[in-house]
Participant: 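Let me give you the structure first, and then I'll get to my questions.
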Amino acid sequence: MNIAFASDMRTIDERVVGEYGLPALALMENAGRRTAEETVSLIGSARGKSVCVFAGGGNNGGDAFAAARHLMNMGARVKLFFTGNEERLGDAARAMHDAVRAMGVEVRPLESDRDWDRLRVALRFADGVVDGILGTGVQGELRKPVIRLIEEINAAGKKTLSIDVPSGVEADTGRIVSLAVQAHRTLALGLPKVGHFIGQGANYTGELLVDDIGIPRALLTGESLRQSLITQETVTKLLPVRRRDVHKGDCGRILILAGSVGMTGAAAMAAEAALRIGAGLVTLAVPERIYEILAAKLNEVMVVPIPDEGKGYFGGMEALQKSLSLAASADAVLIGPGLGRAAETAEFVRLFAADVKAPLVMDADAIWAFAGQLTALRDLPQVPILTPHIGEFAHLLGKSAEEVRANLLQTARNAARDCQAVFVVKSECTIVVYPDGDAFFTTCGNPGMATAGSGDVLAGTIAGLMRQMESGMTPIAGVYLHGRAGDLTYERKGNGLMARDILMKLPKARKELTR
Ligand SMILES: NC(=O)C1=CN([C@@H]2O[C@H](COP(=O)(O)OP(=O)(O)OC[C@H]3O[C@@H](n4cnc5c(N)ncnc54)[C@H](O)[C@@H]3O)[C@@H](O)[C@H]2O)[C@H](O)CC1
Ligand SMILES: [K+]
């Protein structure tokens, strides 16, 4: 499914009217009806229930007026509040406003102290709230009365359905400039928006539902939209069906360079993840000083010591030569988990990456090694796949985490283009962004996965898929399978899940997709 920006929705809206001759009112009517239905399902029933409906001065408010009418028809008691200016309503929103008023519903302003007192009473006795204050049209800091209203709604804590986006969330970025309605459920109209998945918006959206509201399918599936959701269906198609006569060499010889003193687990988990996702042969190259630990830990992985002059981390020419010769016979290479940040190691990483011809995945400290050296990254002989979390991504670009978060998608797009690299940025919603601007969002995954080693497992998963499918598509399948494995373990372990639990569920996540 595609994901839209506010401007995409405006274009789609114009085309619905211009090319299909549908009146704007028809979409608003569908939006209103679906809002009413989903509100009723949220609060259990309509009859005898009291619902506060909040309408703003734009089309989001128009949807709310239509919803109020349908809620009345369904038997709910509706208290309707309006934050806009009647004179400035657009045609469709005005028609919806007039229709609900003609049903005898009072449209309550929020101006005098008495208005606000009435609001508080209505909220106290409400069973549910419909938030149609602001949609994709929000701009800048919220005006004072809207801020006050959102504070009241959030303080009341009633079951709340937001129309299109939680009011106050920027649809394009997920940014909250002032504050936003905390929704239990959000009904996205036409398509989900970027802000439902990333930034703070992800925390305010609650359960996300999407309805086409009658927009012709061709407009929603169009290729002009450059971001989409990774679905089970997409990943199933990407994964190969294994022939019975397959040989382990056909399933990928993966080389992993990882680990340093104190960080042996990262190396072990990345290597095991590659095997658990189906790689044929995994070779783990580690600094000599930690070789014995890893050789004892791992059975199925081949562990190779890399000369380290007793330092316990990667560095130096001898290490480089040995690593490159191992890389020469690998189908794909992962470098990064647990490397540490010694200057020698960073130098080693840059020289190694510049000489590897096979598809290359770089994680963690390998990404750190390119901080401030974006030109070196762009000049690498391959299009590498980088898997930073927000902190590593910000450091790489020489920005603060806040700056990066403020517009994560655009920042990732610029970085992918400038560095000619694929970025897998790990956040509340992991995104995969390609140098040509195509972006993919995952809906799998959960807060329990914010745990040590989770990233090492993801990097190993992506690397492990390399020979099994088109290498450029491995991040899409990898983030899905990793997220799904995390969800499978979250069911039982909740926030106490460990990276090892994700690792153990990778086979099941993959098996679910067997064609
Ligand atoms: N095809 C579709 O996508 C459809 C979408 N619908 C709904 O329309 C809204 C977008 O409507 P629009 O009129 O463009 O904007 P909003 O209603 O979101 O907001 C405009 C409204 O808000 C006021 N405002 C803007 N910024 C602020 C601020 N900082 N503080 C306070 N008030 C602000 C502004 O003055 C206007 O009054 C979309 O989300 C859908 O819900 C259609 O109804 C169906 C088709
Ligand atoms: K809203």
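Note that ligands are numbered from 1 as they come in the structure, with each ligand's atoms numbered from 1 the same way. Predicted, not measured: the structure shown is a model, and the values here were computed from it.
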Participant: Report the residue from V383, I385, V422 that forms a side chain to side chain contact (heavy atoms under 4.5 Å, CB included) with Y434.
Facilitator: V422
Participant: Please state whether the rings of F65 and H97 are parallel, tilted or perpendicular, taking 30° and 60° as the class boundaries.
Facilitator: perpendicular
Participant: Tell me, please, which residues at least two apart from A36 pass side chain to side chain contact (heavy atoms under 4.5 Å, CB included).
Facilitator: H70, L71, M74
Participant: Has D131 got an N/O/S atom less than 3.4 Å from the K ion (ligand 2)?
Facilitator: yes
Participant: Under 3.4 Å from the K ion (ligand 2), is there an N/O/S atom belonging to G132?
Facilitator: no
Participant: Measuring to the K ion (ligand 2), does I163 have an N/O/S atom at a distance below 3.4 Å?
Facilitator: yes
Participant: State, yes or no, whether a side-chain contact exists between N407 and R175 at a heavy-atom distance under 4.5 Å.
Facilitator: no
Participant: Kindly indicate whether the side chain of L220, heavy atoms from C-beta on, has any atom under 4.5 Å from the side chain of N2.
Facilitator: no
Participant: N/O/S of T186 less than 3.4 Å from the K ion (ligand 2)?
Facilitator: no
Participant: Only to 10 degrees, please: what angle do the OG atom of S167 and the O atom of L134 make about the K ion (ligand 2)?
Facilitator: 70°
Participant: Is a side-chain donor-acceptor pair under 3.5 Å present for Q468 with R510?
Facilitator: yes
Participant: Please name all residues satisfying side-chain hydrogen bond (donor to acceptor under 3.5 Å, both in side chains) with N414, sequence neighbours left out, ordered by chain then number.
Facilitator: Q410
Participant: Using heavy atoms and a cut-off under 4.0 Å, could you grab the residues that are in contact with ligand 1, chain by chain, numbers ascending?
Facilitator: M9, D13, L27, M28, G57, G58, N59, N60, D63, L134, G135, T136, G137, V138, Q139, G140, E141, L142, R143, V146, D164, L189, I213, I215
Participant: V53 vs F81, test: side chain to side chain contact (heavy atoms under 4.5 Å, CB included). Steps then yes/no.
Facilitator: CA-CA 6 Å; V53 177; F81 295 87; over 6 Å; no
Participant: Give a yes/no answer: is there an N/O/S atom of S162 under 3.4 Å from the K ion (ligand 2)?
Facilitator: no
Participant: Could you note down all residue pairs passing salt bridge (charged side-chain N to carboxylate O under 4.0 Å, His left out) where residues 108-117 supplies at least one of them, sequence neighbours left out?
Facilitator: E106-R108, D117-R120
